[in-house]
Q: 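Structure in structure tokens, see below.
What you see below is based on every heavy atom in this structure, not just the backbone, and it leaves out hydrogens, waters and symmetry mates. Reminder, nothing fancy here: chain letters follow the sequence lines and each chain counts from 1.
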Amino acid sequence: MPENVRVRFAPSPTGHLHIGGARTAVYNWAFARRYGGQFILRIDDTDPERSTQENTEAIMRAMRWLGLDWDEGPEAGGSSGPYLQSERGPLYRDGLLRMIEAGAAYPCFCSTEELEAQREAARAEGGYATYDRACRQLAKDEVKARLDAGEAHVWRLAVPEGRGDIMFTDAVRGPVSFPAEAMDDYIIVRSDGTPTYNFVTVLDDAGMGITHVIRGDDHLANTPRQILVYEALGEPVPTFAHMSMIWGSDGKRLSKRHGATSVEAYRDMGYLPDALINYIALLGWSIDDKTTLFDRATLVEKFALDRISKNPAIFDPDKLEWMNGVYIRDMPPQAFVHQMVPWLDAAGLASADDIADRNDWFLALTPLVTERVKRMDEIAPMVRFLFEDIEIDDTAREKVLAKEGAGEALRAAADALRAVEDWNPAAIEAAIRDIPPALDLKPKLVFQAVRVAITGSAVSPPLFESVALLGRERSVERVEAALASI
RNA sequence: GGCCCGUUCGUCUAGCGGUUAGGACACCGCCCUCUCAAGGCGGAGAUCACGGGUUCGAAUCCCGUACGGGCUACCA
């Protein structure tokens, strides 16, 4: 059992928190919680062109909404900050110095054109490395002279001479090995003095005491490069766990074309954070052969790196939607009433105060809607008829009200509703059920006629409960209005 | 081109030498039923990418091949 676990999620604020990033965050979070460790949020905003404050905020907002709380990071503080890469410049300069002292970095004065040519040549030859390491051979005094003269240069990592294969045991993929000869003396500091990704990542992870690096598959091939830096710095190499990517339905990178990709977009479509977490967790991880529904506590309790699957997963919106429906149905009624507030409010149907004032009425409405809704945004259209005047839709009129006997049925229904003694679903049902035998009409015709009159549609929540919730006065009015409109 | 990773129903997955290859979503049928749902029951759907080995026995181990993906940037 791992101890003193410290993991991090390091999104780049070049966009919103998307499904793939969210899964990385969920796995890191669950792992930290599972072993009582720290979950650190670090913002990789070293790309000033594409990074924005808005994105950083949106990412944190999405994480909070998902309930992924971080122990250290922006707004949370911590002793290994700053947690914005853009504020860690001095640490990176120090890192380079350490590399130079260790003899693991050297300046390179080669021009981009030279490098380009070398790359092409190396590729044509079919060999390993591309950079010929010319500057690594430069005499010390020449290097000093050119540096002093202010000649443009980058800093490269010196892959140790005679280094054997770089091997590590990935927590999800098992032993992985890369030939050292395949490693270039890659650039760790650009000519403008800024560090490159493979270098900063190690500086930050080492500096923050990260013990387990759980991240996307796309970083697997970067890992040996990073290990070289840990070794040069004399820092302990963390455990790596590379999970596969999430693809769209066509097997291509998940993008806008596959529908929403951002977590906040799912929030806005009426998905519940618990459902999203559950679904996302299952995209590349499993508890056993049967469990598909589990709460957060179970996720934390069962989470294990070695149960992360090696193959990529395709995001299936249908399954997410099904799962969201399950969570909606499982919600305690009072909780659902609270959840409904923003949705009804946004639709202009009921304010938070309205809902608080008539809590019992909304509680009665709850089972009617939870059973037939998979997303919160479906609620408003389904219950609109209870709040606003209706307009009978054309197909319902045609299919139901135009039928022979519909008028008779409505006339009888109006009378029956007026006569109901205790205004409740059972009494209403009894009264309406008396109509078909009395008029020798088919029950379905009668029910549907009343439904269309009351809701304006041939599809609605259960009729008698709906009538009960609408109230006697408005129900009778609507039945009469429908009758008059035939 | 080189290096690395992956490949079980349409999809997510279980499986870690001996199973009728299990579950979930989606799909189809039946039941329930005032519509729609929800629910219950059942069904179809996987020659475990392919080819060689190893073994009494392979989805499981080994080697190839194919296909997909990642990395190979002064992006992250």
Q: For B/rG10, what is the paired nucleotide under Watson-Crick or G-U wobble rules, both distances under 3.5 Å?
A: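 The base-pairing partner of B/rG10, which may sit in any strand shown, is B/rC25.
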Q: What is the distance from CH2 of A/W285 to P of B/rC12, rounded to the nearest Å?
A: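 The answer, rounded to whole Å, is 18 Å.
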Q: If pairing requires Watson-Crick or G-U wobble contacts with both distances under 3.5 Å, which nucleotide is the partner of B/rU60?
A: none
Q: Taking only N and O in the side chain of A/S309, is any of them less than 4.0 Å away from OP1 or OP2 of B/rU13?
A: yes
Q: Would you indicate what A/S191 reaches in the nucleic acid, counting non-hydrogen atoms under 4.0 angstrom: base, sugar-phosphate, or nothing?
A: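 Touches a base.
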Q: I need the CZ-C1' distance between A/F315 and B/rU13, as an integer number of Å.
A: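 From A/F315 CZ to B/rU13 C1': 16 Å.
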Q: Can you establish whether the number of heavy atoms outside A/E301 located under 6.0 Å from its atom CD is more than 12?
A: yes
Q: Would A/R215 count as a cation-pi partner of A/F240, with NZ or CZ less than 6.0 Å from the six-membered ring centre and within 45° of the ring normal?
A: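 No cation-pi geometry.
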Q: Nearest whole angstrom, please: distance from the C1' of B/rA26 to the CD1 of A/I314.
A: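 Answer to the nearest Å: 14 Å.
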Q: Please determine if A/R156 forms a cation-pi arrangement with A/Y131, meaning its NZ or CZ atom is less than 6.0 Å from the six-membered ring centre and no more than 45° off the ring axis.
A: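 Flagged: A/R156 positioned over aromatic ring of A/Y131.
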Q: Within the 4.0 Å heavy-atom criterion, would you say A/S177 contacts the bases, only the backbone, or no part of the nucleic acid?
A: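 Contact class for A/S177: sugar-phosphate only.
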Q: Between A/R375 and A/E321, is the closest basic N to carboxylate O distance under 4.0 Å?
A: yes
Q: Need the pair for B/rC16. Rule: Watson-Crick or G-U wobble, both distances under 3.5 Å, any strand; none if unpaired.
A: none
Q: Tell me: OH of A/Y186 to C1' of B/rU72, nearest whole Å?
A: 13 Å
Q: Tell me what A/R123 touches on the nucleic acid: a base, only sugar-phosphate, or nothing, going by heavy atoms under 4.0 Å.
A: base
Q: For A/G325, which contact category applies under a 4.0 Å heavy-atom criterion: base, sugar-phosphate, or nothing?
A: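 Nothing, no heavy atom under 4.0 Å.
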Q: Checking contacts here: which listed nucleotide (B/rC75, B/rA26, B/rG70) is nearest the side-chain heavy atoms of A/R50?
A: B/rC75
Q: Reading nucleotides 27-47 of chain B 5' to 3', which nucleotides get B (base under 4.0 Å from a protein heavy atom), which S (sugar-phosphate only), which -?
A: -------BBBBSS--------
Q: Using the benzene-type ring in the case of Trp, are the ring centres of A/Y279 and A/F315 under 6.0 Å apart?
A: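 Between A/Y279 and A/F315, the centre distance is under 6.0 Å.
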Q: Picking from B/rC3, B/rG22, B/rC25, which would you name as closest to the side chain of A/D289?
A: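 The listed nucleotide nearest to A/D289's side chain is B/rG22.
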Q: Within the 4.0 Å heavy-atom criterion, would you say A/V176 contacts the bases, only the backbone, or no part of the nucleic acid?
A: sugar-phosphate
Q: It should be established whether A/R119 places a side-chain nitrogen or oxygen under 4.0 Å from OP1 or OP2 of nucleotide B/rA73.
A: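 The answer is yes; a side-chain N or O of A/R119 sits under 4.0 Å from OP1 or OP2.
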Q: Would you mind telling me which of A/V202, A/V213, A/I166, A/V237 makes a side chain to side chain contact (heavy atoms under 4.5 Å, CB included) with A/Q226?
A: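 The option that passes is A/V202.
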Q: Calculate the interatomic distance between A/D184 atom CG and B/rC4 atom P; express it in whole Å.
A: 16 Å
Q: Does the ring centre of A/W70 sit less than 6.0 Å away from the ring centre of A/F9?
A: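 No: the rings miss the under 6.0 Å criterion.
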Q: Of the options B/rG1, B/rA76, B/rU13, whose atoms approach the side-chain atoms of A/D44 most closely?
A: B/rA76
Q: Sort out the partner of B/rC34 for me: Watson-Crick or G-U wobble, both distances under 3.5 Å, none otherwise.
A: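 Answer to the pairing question: none, since B/rC34 forms no Watson-Crick or G-U pair.
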Q: Any side-chain N or O of A/R307 below 4.0 angstrom from OP1/OP2 of B/rG15?
A: yes
Q: In terms of side-chain heavy atoms of A/T292, which of B/rA76, B/rA24, B/rA73 is nearest?
A: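 Within the option list, the nearest is B/rA24.
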Q: Over all strands shown, is A/T46 touching base, sugar-phosphate only, or nothing at heavy-atom distances under 4.0 angstrom?
A: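 The residue A/T46 makes sugar-phosphate contact but no base contact.
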Q: For the pair made of CG in A/D316 and P in B/rU11, what is the distance, rounded to whole Å?
A: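 Those two atoms, CG and P, are 10 Å apart.
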Q: Using the ring of each side chain (for Trp, its six-membered ring), is A/F178 parallel, tilted or perpendicular to A/F168, with breaks at 30° and 60°?
A: parallel
Q: Before accepting this row, confirm whether a basic side-chain N of the pair A/R163/A/E231 lies closer than 4.0 Å to the acidic partner's carboxylate O.
A: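 Yes, A/R163 and A/E231 are salt-bridged.
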Q: NE2 of A/H219 versus P of B/rU72: gap in Å, rounded?
A: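 Those two atoms, NE2 and P, are 10 Å apart.
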Q: Return the nucleotide paired to B/rU47: Watson-Crick means purine N1 to pyrimidine N3 with N6-O4 or O6-N4, wobble means G-U with N1-O2 and O6-N3, both under 3.5 Å.
A: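 Check on B/rU47: unpaired, no WC or wobble geometry under 3.5 Å.
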Q: Determine which nucleotide pairs with B/rC3, using a 3.5 Å limit on both distances of a Watson-Crick or G-U wobble pair.
A: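 Pairing partner: B/rG70.
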Q: What is the distance, to the nearest angstrom, from the CE atom on A/M245 to the C1' atom on B/rG69?
A: 9 Å
Q: Which one, B/rC4, B/rU7, B/rG70, comes nearest to the side chain of A/N311?
A: B/rU7
Q: Please tell me if A/N222 has a side-chain N or O lying less than 4.0 Å from either OP1 or OP2 of B/rA76.
A: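 No, no such contact exists.
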Q: Would you say A/T196 places a side-chain N or O within less than 4.0 Å of OP1 or OP2 belonging to B/rC74?
A: no
